[in-house]
Amino acid sequence: MALLTDQLLADASTLLADQGFALRVADLSSGRPWLLAENENFLIGVLVSDEVSTLLDEEPLAAAALAELVRLGQAQSKQWDVYLVLLATGQPQTSEDERGLAELQYNLRALRRLVGAGVRDADQMTHALASFLPLRKPAADLELAALEALAEELVVNGVDPGVVARYIDVFRQQGSLDGA
Amino acid sequence: MAREGVRFRWLEVTGFRGFRDTAHFDLDASAVIISGPNGAGKTSFCDAIQWLLLGSLGRFDALMTRRDPSYVANLYRSGEPAIVRAGLTLGAGRYVEVARTGLTSPGHLEWREEANQTLHGEPAERELRGAFGVPERVDFGGYLLRSAILQQDLVRSVLEDKPADRYRELVALLGLDEIERFLDAVRMRAKTAESAGERARQELRAAEERALSAEARVVELAEGIARRPDVRVARDALHARLEPLRYLDPGMVVERASESVDAALEQAQILGRLVRQLVEDGIALEGRVQQLLPANLSSLEAMRASLDAREEAAVAAQQDASRAADALRSATAKAEALAALASLALPLLGDHCPVCDQTINESEVRLHLRQLAGDPADELGQAREAADVARANVEEAHSLVLSQSRAIDALEAQALEQERLSAERAAWQASEEAVRLRIAGAFGLRPRGANPADTQVLQEVLLELREVWSAMSESALSLQRDSRERDVVEARAQVESAREAAVALRERARAASVQEEEATALLRSTTRACTAVTSRRSSLLSPIVQDIFARLDPHPTLKDLDFRFDVYYEKGAARPLIRDDAAGIEANPILVLSSSQANVAALACFLALGWASGSASAGFLVLDDPLQSMDDVNALGFGDVCRHLRTDRQIIISTHDRRLASLLRRKLAPRVDGQVTKTIDLGSWSEAGPIVEQSSLESEAAVGEARILTGSEAA
């Protein structure tokens, strides 16, 4: 399982580096490696563990370390931009786990905590780190020719291609299907 | 080169809603934060932008009345129009100034661009719309309110709209109007084909009914023909009816077997009409005869002789009267002469005679004079009586003459009427004779001979004629009912024609049904295809919606927000869904989220739709107090989202929440060179409007540059 958490941490590094974040991988006092990242807006710590319970146990260590980092760096202007991202590859096992995660999410002491459970691949990591990444752009140009797309769909649905072409032509010429 | 969208450089508001006096706002920044307590004018500010661009304020549409402009013009400016002006950058170095003036919607728009003619009214509206690059077919207001201007009260409309309305909005946003218009055309064609099919089927049904009706008539006529009696039988029947009548010879039957039923019918009808007229004339004649008193013409001569005698007596009486009048005139003259003498003599007399001195008595003198004149008074009286008697005689004589003359006139008129009736009777008898001869000739009967001239048999003749008339009518009816050979031919032709028409119409109805089925099938296919294309195109939008929703993160487990597209009653529908993928749960966000959570979901949709529509048209986002009732976590997420939005949009956000305003100032403070953030504080509202304080946030580029993870520590 350690392999998965390492891989996820590597995915996070790649994602944030691609967006111009400065990165540093450090170890918590528990010995668990975590990722620190910073750009002009954010200072982020990313901690990934297998179990939610472990995550809950190590959160105070990470939060304290991150707060200390802010204090030492005298970056008070970023005090509202410090985030601790707490991710577990597994799901909550107990109600305590669930309650613990919910409480963390609304715990704004010193920094904001973003939590996620069941994070197991790069896509889910991207989702977890979305707040620090640029907003997604539409995957394709929304102005693409709509009628061509419709014509293709009609043909796929079994309408005769000749009929489709004829109707589309008539519609383009006169804006209606009168006489088609 | 990518097209740049419209952005605000400044805004000036005068006499609009909460602003009585002119307020000028510097908006030349990528982020503008407007803060102030409730009622300070934040919404008026956002409304000013909306009214300037659209000429309306959608949320007041339901309340708008022509006579109440108070929702646009400031209440304390007593009827003066509102004015909203702005400087806009359109990209590519274009800068324009627009102004809208008016007491109510839509007001008057002015478009002023350096080096170009200033435009007013509709051309200015077109130019403004053109600057946004919104196609004519797309609702400009809907477009802006869906993706650029978030009205405070309507934030959740995207979730609460009807599925079909939301579908249309998303279709427009996704640039798929054209396929919707194609779908409308297909729908119209299907409707037309359905109507044409129904019409063709109706015409076919009508033709088939006509054919059936004609066939039934043929059958009926054929049955009538089968029942039809021989013309000879009909003639014999009529003959049997006529033969007993008194003026037709019995047994004198002339065979006319070759005569057709139709000819017989026609003849019977003509003769029937003649007999009927004859009867009517005879009845009228009879009535007049009965009313006429018999005239005693033999007394006429005696009456005339008597009249002559009376006229002679009248002449004699007239002569007597003339003489009496002469006598009366003579007596009158004599009396008048005596009176004149007396009137002259009496005044000359004294009381005593001058000779004998005897006393003179005037009345004795007067009496003596009258005796000397032969007593003219008696003579005059007699003459008068004689004259009166003579006049009375004359009047009586004239009266006798007159009464006799009248009696003679009446008798002569009676005699004249008798002559006229005699002539009419003779004419009627001639007609009757002629008709009788025609009847006899037509039906092979010979007349018995001339009708007796005795007018007393008129009644009897009329009775007979009535009988003849009745018999002929019955015979005509009988012949008519069964005389339908021509009708049969015509009905058969109609059957043939209706059958041929039905064949043609059946083919037409079949073709129309085929077209109808094709059109309906095409409509079904197109509806499905449109929904599929829209759904596919919306899949481009889904990641953006989910991305922003995740950043705002309003719910601990329902993390995904999306729209599901399907076909409902042959119309596209789009329903919002919120999901917990791990638990496999999904629901309508409006139904399961709290009010504030639903607001966040709606805000995510709005921001996603605006972001997905690109910055090429509206390069700005106006958000009027979007975070009401949100918690700190949502607010932080929203601040971070705004940070990203400003990289591609000018964002103008208002809030009443000081903490949020403070957070936004931190989150949106310029962190890189070139970023500008302006703040507008609205406060202390009075009749003049709010007190406006404006400033620019200091650049925190240095903060952005300073890294905690620096030097060798950075990876």
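Reminder, nothing fancy here: chain letters follow the sequence lines and each chain counts from 1.
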Chemist: Consider only side-chain N and O atoms of Thr677(B) and Arg646(B), and report whether a donor and an acceptor are under 3.5 Å apart.
Modeler: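 A pair is found: one side chain offers a donor N or O, the other an acceptor, under 3.5 Å apart.
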Chemist: To the nearest 0.5 angstrom, please state how far the CZ atom of Arg189(B) sits from the OG1 atom of Thr526(B).
Modeler: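 Between Arg189(B) CZ and Thr526(B) OG1, I get 10.0 Å after rounding to 0.5 Å.
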Chemist: For Tyr106(A), is it the side chain, the backbone, both, or neither that has a heavy atom closer than 4.5 Å to a heavy atom of chain B?
Modeler: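 For Tyr106(A), the contact with chain B is made by backbone and side chain together.
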Chemist: Sort out for me which residue in Glu59(A), Gln105(A), Glu103(A) forms a side chain to side chain donor-acceptor pair (under 3.5 Å) with Arg113(A).
Modeler: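 Option passing the side chain to side chain donor-acceptor pair (under 3.5 Å) with Arg113(A): Glu59(A).
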Chemist: Quick one: what part of Leu663(B) sits under 4.5 Å from any heavy atom of chain A, side chain, backbone, both or neither?
Modeler: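 Just the side chain, heavy atoms under 4.5 Å.
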Chemist: Nearest 0.5 angstrom please: Thr89(A) OG1 to Gln124(A) CD, how far?
Modeler: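 The OG1 atom of Thr89(A) sits 10.5 Å away from the CD atom of Gln124(A).
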Chemist: Not counting sequence neighbours, which residues clear side-chain hydrogen bond (donor to acceptor under 3.5 Å, both in side chains) with Asp160(A)? List them please.
Modeler: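 Expected list: none.
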Chemist: If you count heavy-atom pairs under 4.5 Å with chain A, which of Val533(B), Thr557(B), Asp640(B), Thr647(B) comes out on top?
Modeler: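 Going by pairs under 4.5 Å, I would pick Asp640(B).
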Chemist: Would you say Ser30(B) and Gln675(B) are linked by a side-chain donor-acceptor pair, where the criterion is simply a distance under 3.5 Å?
Modeler: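 Their side chains do not contain a donor-acceptor pair, so the 3.5 Å distance test is not met.
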Chemist: Would you mind checking which part of Ala17(A) comes under 4.5 Å of any heavy atom in chain B, side chain (CB onward), backbone (N, CA, C, O), both or neither?
Modeler: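 Neither the backbone nor the side chain of Ala17(A) comes within 4.5 Å of chain B.
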Chemist: Does any heavy atom of chain A fall under 4.5 Å from the side chain of Val633(B), the backbone, both, or neither of them?
Modeler: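 Val633(B) touches chain A through backbone and side-chain heavy atoms alike.
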Chemist: Non-hydrogen atoms of chain B under 4.5 Å away: do they reach the side chain of Ala130(A), the backbone, both or neither?
Modeler: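 When you check distances to chain B, atoms from both the backbone and side chain of Ala130(A) fall under 4.5 Å.
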Chemist: Give, as side chain, backbone, both or neither, the part of Asp631(B) having an atom under 4.5 angstrom from any heavy atom of chain A.
Modeler: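 It is the side chain, since no backbone atom gets that close.
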Chemist: With a 4.5 Å cut-off on heavy-atom pairs, point out which of Glu152(A), Arg172(A), Arg136(A) contacts chain B the most.
Modeler: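 It is Arg136(A).
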Chemist: Checking heavy atoms, do the side chain of Asp560(B), its backbone, both or neither come under 4.5 Å from chain A?
Modeler: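 For Asp560(B), the contact with chain A is made by the side chain alone.
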Chemist: Can you list every pair that meets ring pair (Phe, Tyr, Trp, His ring centres under 6.0 Å) and has a residue in residues 37-73 of chain A, with sequence neighbours left out?
Modeler: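 Sorted pair list: Phe42(A)-Tyr83(A), Phe42(A)-Phe132(A).
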Chemist: Which one, Asn157(A), Leu154(A), Leu114(A), leads in non-hydrogen pairs under 4.5 Å with chain B?
Modeler: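 Highest number of heavy-atom pairs under 4.5 Å: Leu154(A).
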Chemist: Please state whether the side chain, the backbone, both or neither of Leu150(A) comes within less than 4.5 Å of a heavy atom of chain B.
Modeler: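 Both parts, backbone and side chain.
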Chemist: Flag the pair Arg32(A) and Asp50(A) as a salt bridge only when some basic side-chain nitrogen lies within less than 4.0 angstrom of an acidic carboxylate oxygen.
Modeler: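 Looking at Asp50(A) together with Arg32(A), the answer is no, because their closest N to O distance does not fall below 4.0 Å.
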Chemist: In terms of heavy-atom pairs under 4.5 Å with chain B, which of Leu43(A), Leu36(A), Leu135(A) leads?
Modeler: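 The answer is Leu135(A).
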Chemist: So, for Ala193(B) and Gln515(B), which heavy atoms are closest and what is the spacing to 0.1 Å?
Modeler: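 Distance-wise, the nearest heavy atoms are CB-O, 4.1 Å.
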Chemist: Counting heavy-atom pairs under 4.5 Å with chain A, which one of Arg551(B), Arg536(B), Arg528(B) comes out on top?
Modeler: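 If we count pairs closer than 4.5 Å to chain A, Arg551(B) comes out on top.
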